[in-house]
Structures are given as structure tokens and as C-alpha cells.
Amino acid sequence: MLDIRLVRDDRTLVENGLRRRGEDPGVTDRLVELDELVRRSQARRDDLRAEVNDLSQQIGALHRDGRGDEAAELQRRSRELGDEAKAVDQDADAAAAELRELLLHLPNLPADDCPDGESEADNVVLRVEGPDADGYGPDQRVPHWELGPELGILDIERGAKLSGSMFVMYRGLGATLARALTQLALDRNADAFEEIRPPTLVRTETMVSTGQLPKFEDDAYHIERDDLWAIPTAEVPLTSLARDEILAEDELPVRLMAHTSCFRREAGSAGRDTRGLLRVHEFDKVEILAYATPEQAGAVHDELLARAESVIADLGLGYRILDLCAGDLGIASARTWDIEVYAPGADQWLEVSSVSWFSDYQARRGNLRYRPAEGKGTRLLHTLNGSALAVPRVWAALVETGRQPDGSIAIPELLHPYMRGHTHIPPHS
RNA sequence: GGAGGGUUGCCAGAGCGGACGAAUGGGGCGGCCUCGAAAGCCGUUGUGGCCUUCGGGUCACCGUGGGUUCGAAUCCCACACCCUCCGCCA
């Protein structure tokens, strides 16, 4: 959420930011108007309440002096003022609610160094690592949705039978590989990140803090009977850990990681790049996340990217790093770097990690603060996060990339300890 | 799912209609004392909004949301969460 005071004090800055994102900067008119209305009504209400408080104290004093019968006139005036205050308060509440609703739908402002651009096509490729798209042999050109079922490691049909399309089932060494990937990601970040195993079903407020609600309600699974939401990413519970809390500066940055299932309805995306594991409703992911001071945020952002990137590199996959343009940023993000792996069989670049800096946008929504070591008061935290490893797409790229001339799949060495000694997935017999 | 008890400041805990933003104790911070420390003594110690001539003023917050009242931490209603017991259960 943007700071309404920023809109008030530096409207041009806000409008320029919104324009860069392709949002209508015209909303600031209404924001400023509502802000003034809210403050005017609240000031009036507070004045009235001050008078009521004063009169009530006078009445109290009269009662103590045993002159309670002289209080009638004061009570009448106080009641009048109280009624008026109540009416004014309703106006203030209505305006404040509308203001908040508008602010909740408004995205974060892009960072100054976030590249300009309108859409995905304008994202900047920072670098490409490993073989490029032409550097793969014919054995590696079989898409995972073909070789997975063939090798008995991916059961798309059974997944659909159980839960519908875009739900998949891994089996045998395919399931082991999925588990190995999450273990690997957790273990290699355990040097600095506290491992969390959070709930995957959360309250509405929890989804609001990170930005999934209210704007993207259709993208999430909602359990109506209990009014709980299935998390689309561990970012949701991990960010909300510190909701309404005040951390000490000397404990920052706080680094957390979690392996969870992630649930996404993917409304509207049916039929489009949804084959196999390209896009699924439920998947496993290890998320790394940090709370930082504004001063620390830049270095932490670099660190998260380095960590997310190094797993992919060490797995021997070809990948590239994108700097998302302002128009392609997620609602809460000020700057995002994407890691995309190349899947030679599917012949596609697949987004496997989005490493984002949210400035104080999420912190303001969820009231995440810290107490500076120097000076007084509190400041909003900065939040950052990225996928350390998202299973399905990495799994797909690995299987396609690792395919050998005999049809077996070579498992990268660093996964061997997690694969009960298997170095290959045997070929179809 | 059923019955009962609870939720107050950093912590413990009092307050149950008016002088309560909140006793008291502990903790923290500053000071006195000391070579230094302990003990003791003194002072101080929440968050947020709005206004400000930057001195301050004012409002709100005692789980959350409503209500009663001139006035609510205190009374009423609903909900959430926690604890205990019963039931059920990995």
C-alpha cells in the first residue's frame, strides 16, 4: 500500500510511478480529495469529542460535589455534541473506507532503476548462462509431458482423474526427484535462513498484507465454510509472521525460508502454456524471504538473487536473468528479477524464480515495523523474497536436459545424496 | 462438537461507571553514590492520527466489532483467540 502522505506531499512522483506501470495516474485526484475529506471530518469529530470530554468532566465534578442536580443542562449539550460527533464520524469512516479500498488496489511504485516498459516483451535480459537455446542435442528435445509418463515418473492422467486438469502426480523416482529438489534448496540455504513450516491455509488479513487480496481474489482457492485461503506461495505466511509486530534493528535482516505447497487457480489461463508441468494448480516450492531496513534492502535483494541463481547454475541448467520492466511488475513489487530456465524439450524459457523487493508496500499493509537503534519511534520494514526453488518447472527442465541417448535421465551430482544413490532414472523398457 | 475460565502497557498484575493512558512490582533507559560494580535512592519509560506560531494542542487505542450512558478498561450483545475438562482423532 502506498503512503497517502506521499500522495499528498509529492503527487507528481506518485503519478509518474503509476504512469510507468501503465496505471491511470488520474486516481490521485480522488485520493487527494478523499484524504482531505477524511482529515477535515476527523478534525471536526475530534473537536466535538474534546468538548464532550470536557463537559463530561464538569458533570463528574458536580456529582462529586453533591450538586448533580445542576448537571442537566450540561448533559443536554453534551448529548447534542455527541450526536453530532457521531454523524461526522460516519462521514469520516465512509471516506476512509473508500480511500483504503482505492489504496489497496493501487500497486507499488517502481524503483528508480527499474527499466521502463509496458509488458513482458520489454523485460531486460541481464545475462544468459549455460548453453543457449540451440546448444542442445536431439535427445534433449523430448518434452517432459511425453517422457515423464513414458518413464513412469509423471502421471498427468491420474492427476487429472483425482483433481482435474492442471493437477499432476509424480511417481517413483519422479516423486523422489521432486522431494530431492526441495531438500536440496532447504539445505543449501540453511546457513543463513531459519526454516519455517507454516500453515498453508490462512485468514483473509494474511492474504491482504502481501497483496493477493482484495485485487486478485479469483486467483486464489477459498475455503468458504471456514473462510480460509490456500496460500499461492509461502511468501504469504512468511511475510505475515511479523504482522503488527515491532522488531529490533539489531536483529535485522531476518532471513526465513519455507517449503510449502502452493495453490493457484490460474483463472483464465486454461489451454495456454499449460501442458505438463508448465502451469499447475498445486506445486511445491521453497521460498526465501527477508525483513530488512531500507538501508539493507539493496544488498539483501542481491543476496536473494545470488542464492536462487546458484542452485539453478549448480544443477547444470541453462538459464537467464531478467530485469522486469515497470509494466510487468507484480502489484506489490518495486523491483523484480526473474530467473528463467530453458527447457529444451518444451523449447521454452520457464520462469522459476521471481526475486522481488517490495520496499515498504507490504509492510504498510501488514504493519510490519522495526525500532531503529538510534532515534525514537518506529519505521516500516522492507520485505524481500524469491523462490529458492519451485519444483515443477525445475523438474521439467532437469528431466529434459538430462535425457541421454539411451533414453535414461542423468541426475545432477548434487542431487545424488537425496536420491538414495540413484544417478539415473532408467530408460523406458 | 459440548461445558467452564480467561484476554489490561516490555513482563507480571490491580482496576469492575467519573479525578484512569491506566495502581503496584519487575524489566529497560538516564542520574546520584562507587576506583569499578552490586545494593540503595531519584527520575524516566506505549502506539498511532490530525493540527502546530515546533512551546505544544487534541483525538483514538485496556482481544475485535457493535450497543447503553452526559461519561465505558469497567455495564450489555456478537465474534475471535487462549486455557481446563469431556468427546473425537493423525
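Order of the sequence lines sets the chain letters (A, B, ...), proteins ahead of strands, with each chain counted from 1.
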Nucleotide nearest [X] when distance is taken to its side chain, options [options]:
X	options	result
A:Ala43	B:G71, B:C50, B:C59	B:C50
A:Gln42	B:G71, B:A19, B:G49	B:G49
A:Ser56	B:C70, B:C59, B:C50	B:C70
A:Arg371	B:G18, B:G46, B:U58	B:G46
A:His63	B:C59, B:C50, B:C70	B:C70
A:Arg79	B:U58, B:C70, B:A19	B:C70
A:Arg5	B:C59, B:G18, B:C50	B:C50
A:Arg203	B:C50, B:C81, B:U69	B:C81
A:Arg369	B:A80, B:G48, B:C70	B:G48

Completion exercise
By nearest-nucleotide position on RNA chain B, the 5'-leaning member of A:Gly377 and A:Asp35 is A:Gly377
Completion exercise
Comparing A:Leu55 with A:Asp93, nearest RNA chain B nucleotide closer to 5' gives the residue A:Asp93
In whole Å, what separates the [atom1] atom of [N] from that of [M]?
N	M	atom1	value
B:U8	B:A23	C1'	12 Å
B:C11	B:G1	P	31 Å
B:C10	B:U47	P	8 Å
B:G13	B:G63	P	14 Å
B:U45	B:U7	C1'	24 Å
B:G5	B:C75	P	14 Å
B:G15	B:C62	C1'	11 Å
B:G17	B:U53	P	44 Å

Between [X] and [Y], do the side chains contain an N or O donor and an N or O acceptor separated by less than 3.5 Å?
X	Y	value
A:His144	A:Glu400	yes
A:Arg179	A:Tyr418	no
A:Arg188	A:Ser310	yes
A:Glu235	A:Gln362	yes

Whole Å only: how far is the [atom1] atom of [X] from the [atom2] atom of [N]?
X	N	atom1	atom2	value
A:Gln58	B:A19	CD	P	15 Å
A:Gln57	B:G17	CD	P	18 Å
A:Asp54	B:A19	CG	C1'	14 Å
A:Glu205	B:U64	CD	P	13 Å
A:Gln75	B:U68	CD	C1'	14 Å
A:Tyr370	B:G46	OH	C1'	19 Å
A:Leu81	B:G71	CG	C1'	13 Å
A:Gln90	B:G66	CD	C1'	12 Å

Handout entry: Qualifying salt bridge (Lys or Arg N to Asp or Glu O under 4.0 Å) pairs, either residue in residues 55-79 of chain A, two or more places apart
Key = A:Arg67-A:Glu70, A:Glu73-A:Arg76, A:Arg76-A:Glu80
Exercise for the section: Would you write the dot-bracket representation of RNA chain B, where each base gets (, ), [, ], | or . depending on whether it forms a Watson-Crick or G-U pair under 3.5 Å and with which partner? Expected result: ((((((((.[[[..)..(.....]]]((((((.......))))))((((((....)))))).[[[[[..)....]]]]])))))))....
Practice task
Inspect the contact between A:Lys86 and A:Asp93 and indicate whether a charged nitrogen and a carboxylate oxygen are less than 4.0 angstrom apart.
Solution key: no
Handout entry: Carboxylate-amine/guanidinium contact A:Arg279 A:Asp273, below 4.0 Å
Key = no
Handout entry: Proximity of A:Tyr170 and A:Trp395 rings by center, below 6.0 Å
Key = yes
Completion exercise
Residues passing the side chain to side chain contact (heavy atoms under 4.5 Å, CB included) test with A:Lys215, sequence neighbours excluded, are A:Glu23, A:His105, A:Ile331
Establish, with yes or no, whether the OP1 or OP2 oxygen of [N] is under 4.0 angstrom from a side-chain nitrogen or oxygen of [X].
X	N	result
A:Arg76	B:C70	no
A:Asn53	B:C70	no
A:Ser78	B:G71	no
A:Arg49	B:C59	no

Handout entry: Sugar-phosphate only, base, or nothing, as touched by A:Ile59 at under 4.0 Å among non-hydrogen atoms
Key = base
Exercise for the section: Identify whether any heavy atom of A:Arg379 sits under 4.0 Å from a base atom; if not, whether one sits that close to sugar-phosphate; answer base, sugar-phosphate or nothing. Expected result: nothing
Practice task
Take the angle between the ring planes of A:His222 and A:Trp229 and call it parallel below 30°, perpendicular above 60°, tilted in between.
Solution key: parallel
Handout entry: Syn/anti state of B:G31 by chi, 90° boundary around 0
Key = anti
